[in-house]
S.K.: 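Below you'll find the structure I mean.
Below, all heavy atoms of this structure are taken into account, side chains as well, without hydrogens, waters or symmetry copies.
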Amino acid sequence: LLRARPNMNATSPMPEAPAPAPAGSHAHDADQIVGLLCKEGLLGEAEVAYGRRVQARLDTPRSLLSVLQEMGTVDAAAIREAVRANPQSMRLGDLLIELGHLADSDLRSALAMQKECEQPRKLGEILVDSHMISEHKLTEVLGDLLGLDNVEPSVGDVEDGLVTRANLRLCQEHGFIPLSRGEDSVRIAFADPLDERHVETAAQMFSGLRIERAIARGSLIREALAACERGAQRQSPGSTDQTAIALVAWVVLWHTEAI
């Protein structure tokens, strides 16, 4: 176990984010949480430098963050604090690598597959479909880091009037489902709460209301939205009108032929 700690100088300079790695490498993104810890004043420059020296001497490759955690330099609470203060700074693949949930080679493979897709696909979907990480684990990790409730939505959880024929397609395209509405807010479960495009779409859909984010597995969101769509089709006045029109037309045709 790594237990040694550096002697910190009380007059040491203000901490800075780790320096970028050479061009063409992936390491400059792999230390993003360490950079955020420095930015938030939760990690010092000397501690980062010492962690790098320890990391360089390990026989088995380890992320800098995992080395710092093992030494007791940072803990889970500090990581949560840094991530929650900078949610827009996070990149999913690099985040999973740094936390030890994904191998760098798996991320590279997933990114290559993403480039080859004819239709745009989210990285998280590719990772799950390729069995590089389970959907449950992915949702659990993001929910814990971002401080979001991990929910399991079903059609019965959706308050009447929130999912309509008008907004259903947008919900499906952006992977979210509105669950309930308060006086000045609406609670929405997102499959990928790190993607601000999805959050912005939800904000425009419910303009004037504060968005309360939750997280849910994408498969559960899709199932719930599909159930909402089936319900909307059964209750659609248009479908009833079309049935009535077809019946009247058949009656008129029958009478015409009888004459």
S.K.: Evaluate the side-chain proximity of Arg52 to Val48: yes if any heavy-atom separation is below 4.5 Å, no if none is.
M.R.: yes
S.K.: So, taking the atom named CG in Leu36 and the one named CD in Glu40, what distance separates them when rounded to the nearest 0.5 Å?
M.R.: 7.0 Å
S.K.: What are the two closest heavy atoms between Val67 and Gln55, and how far apart are they?
M.R.: CG2-CB, 4.1 Å
S.K.: For the CD1 atom of Ile177 and the CD atom of Gln172, what is their distance to the nearest 0.5 Å?
M.R.: 9.5 Å
S.K.: So, taking the atom named CD in Glu135 and the one named CD in Glu140, what distance separates them when rounded to the nearest 0.5 Å?
M.R.: 12.5 Å
S.K.: The criterion is side-chain contact (heavy atoms from CB on, under 4.5 Å); which residues satisfy it with Thr164, sequence neighbours excluded?
M.R.: Ala166, Asn167
S.K.: Roughly how far, to the nearest 0.5 Å, is the CG atom of Leu65 from the CD atom of Glu70?
M.R.: 11.5 Å
S.K.: Counting only heavy atoms not in Glu152, do more than 12 sit closer than 6.0 Å to its CD atom?
M.R.: no
S.K.: Which atoms form the tightest heavy-atom contact between Pro193 and Arg213, and what is the distance?
M.R.: O-NH1, 2.9 Å
S.K.: Residues two or more places apart in sequence or in another chain: which of them pass side-chain contact (heavy atoms from CB on, under 4.5 Å) with Arg121?
M.R.: Cys117, Glu125, Ile126, Asp129
S.K.: For residues Ala191 and Ile221, report the shortest heavy-atom separation together with the two atoms involved.
M.R.: N-CD1, 3.4 Å
S.K.: Flag the pair Leu170 / Met205 as yes when at least one side-chain heavy-atom distance between them is below 4.5 Å, and no otherwise.
M.R.: yes
S.K.: How would you list all residue pairs meeting ring pair (Phe, Tyr, Trp, His ring centres under 6.0 Å) that involve residues 158-183, not counting sequence neighbours?
M.R.: His174-His198, Phe176-Phe190
S.K.: Just grab all the side chain to side chain donor-acceptor pair (under 3.5 Å) pairs involving residues 175-185, residues at least two apart or on different chains.
M.R.: Ser185-Glu212
S.K.: Just verifying a value: how many Å separate Leu142 CG and Ile215 CD1, rounded to the nearest 0.5 Å?
M.R.: 4.5 Å
S.K.: How far apart are the closest heavy atoms of Val155 and Ala227, and which atoms are they?
M.R.: CB-CB, 3.7 Å
S.K.: Under 3.5 Å, is there a donor on one side chain and an acceptor on the other for Asp157 and Ser154?
M.R.: yes
S.K.: Identify the two heavy atoms, one from Ile188 and one from Pro178, that lie closest to each other, and give their separation to 0.1 Å.
M.R.: CG1-CA, 3.9 Å
S.K.: Is there a donor-acceptor pair closer than 3.5 Å between any side-chain N or O of Glu47 and the backbone N or O of Thr73?
M.R.: no
S.K.: Is the shortest side-chain N to carboxylate O distance from Arg169 to Glu229 below 4.0 Å?
M.R.: yes
S.K.: Are any of the side-chain heavy atoms of Leu102 and Leu95 separated by less than 4.5 Å?
M.R.: no
S.K.: Taking Arg187 for the side chain and Ile211 for the main chain, is one N or O donor matched with an acceptor at less than 3.5 Å?
M.R.: no
S.K.: Hey, does the side chain of Glu223 reach the backbone of Gly218 with a donor-acceptor pair shorter than 3.5 angstrom?
M.R.: no
S.K.: Under the criterion side-chain contact (heavy atoms from CB on, under 4.5 Å), which of Leu138, Asp106, Leu107 is the partner of Met132?
M.R.: Asp106
S.K.: Identify, with sequence neighbours excluded, every residue that meets side-chain contact (heavy atoms from CB on, under 4.5 Å) alongside Arg197.
M.R.: Lys122, Asp195
S.K.: Apply the test side chain to side chain contact (heavy atoms under 4.5 Å, CB included) to residues Cys171 and Leu225: give CA-CA distance (whole Å), side-chain angles for both, the deciding distance (0.1 Å), then the verdict.
M.R.: CA-CA 8 Å; Cys171 292; Leu225 288 173; 3.9 Å; yes
S.K.: Any idea which heavy atoms bring Leu64 and Asp31 closest together, and the distance?
M.R.: CB-OD1, 3.6 Å
S.K.: Filter on ring pair (Phe, Tyr, Trp, His ring centres under 6.0 Å), then keep only pairs touching residues 98-139, sequence neighbours left out; what's left?
M.R.: none
S.K.: With a 3.5 Å distance limit and no angle check, can you tell me whether Ser66 reaches the backbone of Ser63 through a side-chain donor-acceptor pair?
M.R.: yes
